[in-house]
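Have a look at the structure below, then the notes.
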Amino acid sequence: MSGFFEQLSRRGLVQDATPGAAERLNAGPVTAYVGFDPTASALHVGNLVPVMCLAWLQRSGGTPIALVGGGTGLVGDPSGKRAERPMLAVEDVAANAEALATQLGRFLSFEGSNAARMVNNADWLARLPLMEFLRETGKHFTVNYMLQKESVKSRMETGISFTEFSYMLVQAYDYWHLFTTAGVELQMGGSDQWGNITAGVELIARKEQKQAHAVVAPLLVTASGHKFGKSEAGNVWLDPARTSPYQFYQFWLNAEDQDAERWLRIFTFLPEEQIAVALAEHANDPGRRAAQRTLAWEVTALVHGEDEADRAARTSLAVFGGADIETDYAELAGTMPNARLSREELQAEPALVDVLVHAGLASSKSEARRGLQGRGFSVNDQQEGDVARRLSVADLRQERFVLLRKGKKNYVMLVIDG
RNA sequence: GGUGGGGUGGCCGAGUGGCUAAUGGCAGCAGACUGUAAAUCUGCCGGGCUAUGCCCUACGUAGGUUCGAAUCCUACCCCCACCA
């Protein structure tokens, strides 16, 4: 088996690394950590990148530590932020940290000789005395050094509070803490974390005269330059309650051709040969989206399990496969986004605009009307341009379903109760 | 503490008494073309309505002048630059 660094690198997960990192990581298993910021209570697809780094580490024999920033979250990371963030309430940070920890759990194995561990830096940061911090950590850094960091430099115009300015030292302290107490020799993260991570490397070098390492993954954007991780419905979350497995699958299925290859490497564990097969199939007939289908199934299976991936794939095919496919609406209703209406409400022949708002396809009636005028909505796959359109029992499919659609891809199944 | 500049829609940025729900760009949504792709072209892009029109909310905050204010005045808050 090849070295861990080589693997990461082949998978497109290395943007930058400290000198010597490659040699150390290829030489043998290490213990490494990745920090997750509890500013939100859920993980989204963007977080999957560092998660994959930890997963690959574990697969190659290393010991992963997932750290949730219950302590650093109280300070606020200025990296990548153009302006000072409002401080989160202490209780919110704690609640978010706990929520993240549960979600991270499913990507790592907590058994075996290299069992993963979860830590929360609040456990040591919350009771760190200020005087000790200033003397033991702050003394090792010059303000000049800190001002060189991109996270600070970019804020010299707009301003940065002392609190956020100090952030990098706190994260550096974390790394040092894990280095000395848990033998952690590597910290990974997104490329926006480079400055913070190398501050930690620096601290360890000065306090311990030892070499620790940093490896950061590239920040993802789509090939056409759009933000990664957004779909029509907004952020793509890993939590099925926020983004259903079907929506999650669709997100990956809609990947641009140019991204599919890169993402297969980054977000799946498929061996190179299988990726090559999928790509060859795709090149042969791009319209079938073989690369995207493989990608979507694999990532959905990883995050939500194989059964959910199968269901999502079936639903996707049924909805987009064309009129010739025999559709079981009841099964679709189980996986797709759906809205409910009572039979009495339908018999009253409600205005389509109201139903569209009710189904969440339009945020207001004005928007629904404008959309209808622009022929942006469909009922049972028929484009609808009449603003005054009303729904009736005549629109029902298989007795109790109406398939509503906004644009090309946003379906909501309207289910009639009773 | 002083002096000067500035705070406009998700972001950037025009506007300096009525023609302004506010030019333009970006982002977003939709249509056409396609392959549930990209690129391109077109439309939409605060909300509500009994709707070729009407009403509400909005230009840092609070008041004021005026028939009428994002635009003028006052106070306050915040940001930036220079000086101390």
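Chain A is the first sequence line, chain B the second, and so forth, proteins listed ahead of strands; every chain is numbered from 1.
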Would you classify A:Gln383 as touching base, sugar-phosphate or nothing, given that sugar-phosphate means primed atoms plus P, OP1 and OP2, and contacts are heavy atoms under 4.0 Å? sugar-phosphate
Which base, if any, makes a Watson-Crick or G-U wobble pair with B:U74, both distances under 3.5 Å? B:A62
Quick one: label A:Gly374 by what it contacts on the DNA or RNA (base, sugar-phosphate, nothing), any heavy atom closer than 4.0 Å. sugar-phosphate
Using the C1' atom on both, measure B:C19 against B:C56 and round to a whole Å. 22 Å
Rounded interatomic separation in angstrom, taking NZ from A:Lys365 and P from B:A51: 12 Å
Paired with B:A81: which nucleotide, if any, by Watson-Crick or G-U wobble criteria at under 3.5 Å for both distances? B:U3
Provide the distance between the two C1' atoms, one in B:G18 and one in B:A69, to the nearest whole Å. 9 Å
Rounded to the nearest 0.5 angstrom, the OG1-CG distance for A:Thr39 and A:Asp77 is 9.0 Å
Could you tell me if A:Gln250 and A:Ser316 have a donor-acceptor pair between their side chains, going purely by distance under 3.5 Å? yes
Do A:Arg375 and A:Asp386 sit within salt-bridge range, that is, some charged N less than 4.0 Å from a carboxylate O? no
How many Å lie between CH2 on A:Trp297 and P on B:U36, as a whole number? 23 Å
Give a yes or no on whether a donor-acceptor pair under 3.5 Å exists between the nucleobase atoms of B:G35, that is its base, and the side chain of A:Asp285. no
Which comes earlier along RNA chain B counting from the 5' end, the contact point of A:Glu367 or that of A:Tyr249, where each point is its nearest nucleotide? A:Tyr249
Measure from CD on A:Glu256 to P on B:U36 and round the result to the nearest Å. 15 Å
From CG of A:Leu279 across to P of B:A37 the rounded distance in Å is 19 Å
Side chain of A:Phe320 only, heavy atoms from C-beta on: which candidate in B:G48, B:C49, B:U36 is closest? B:U36
Looking for any heavy atom pair under 4.0 Å, which part of the strands does A:Arg405 touch: base, sugar-phosphate only, or nothing? nothing
What does A:Arg289 touch in the nucleic acid at a heavy-atom separation under 4.0 angstrom: a base, only the sugar-phosphate, or nothing? base
With both distances under 3.5 Å as the test, what is the Watson-Crick or G-U wobble partner of B:U40? B:A32
Could you state the atom-to-atom distance from CG of A:Leu332 to C1' of B:U36 in whole Å? 15 Å
Where the side chain of A:Ser316 is defined as all heavy atoms beyond and including C-beta, which of B:U36, B:A38, B:G48 is the nearest nucleotide? B:U36
So which nucleotide from B:A37, B:C44, B:A30 ends up closest to the side chain of A:Arg370? B:C44
CZ/A:Arg288: more than 12 non-hydrogen atoms of other groups inside 6.0 Å: no
Which one is paired to B:C67, where only Watson-Crick or G-U wobble pairs with both distances under 3.5 angstrom count? B:G18
RNA chain B: A:Arg293 or A:Asp354, which has the more 5' nearest nucleotide? A:Arg293
Taking atom types as modelled, find out whether A:Tyr33 and A:Gln187 have a side-chain donor-acceptor pair closer than 3.5 angstrom. yes
Pair A:Glu367-A:Ser363, side-chain donor/acceptor within less than 3.5 Å: yes
May I ask you to verify whether the side chain of A:Gln250 and the base of B:U36 hold a donor-acceptor pair under 3.5 Å? yes
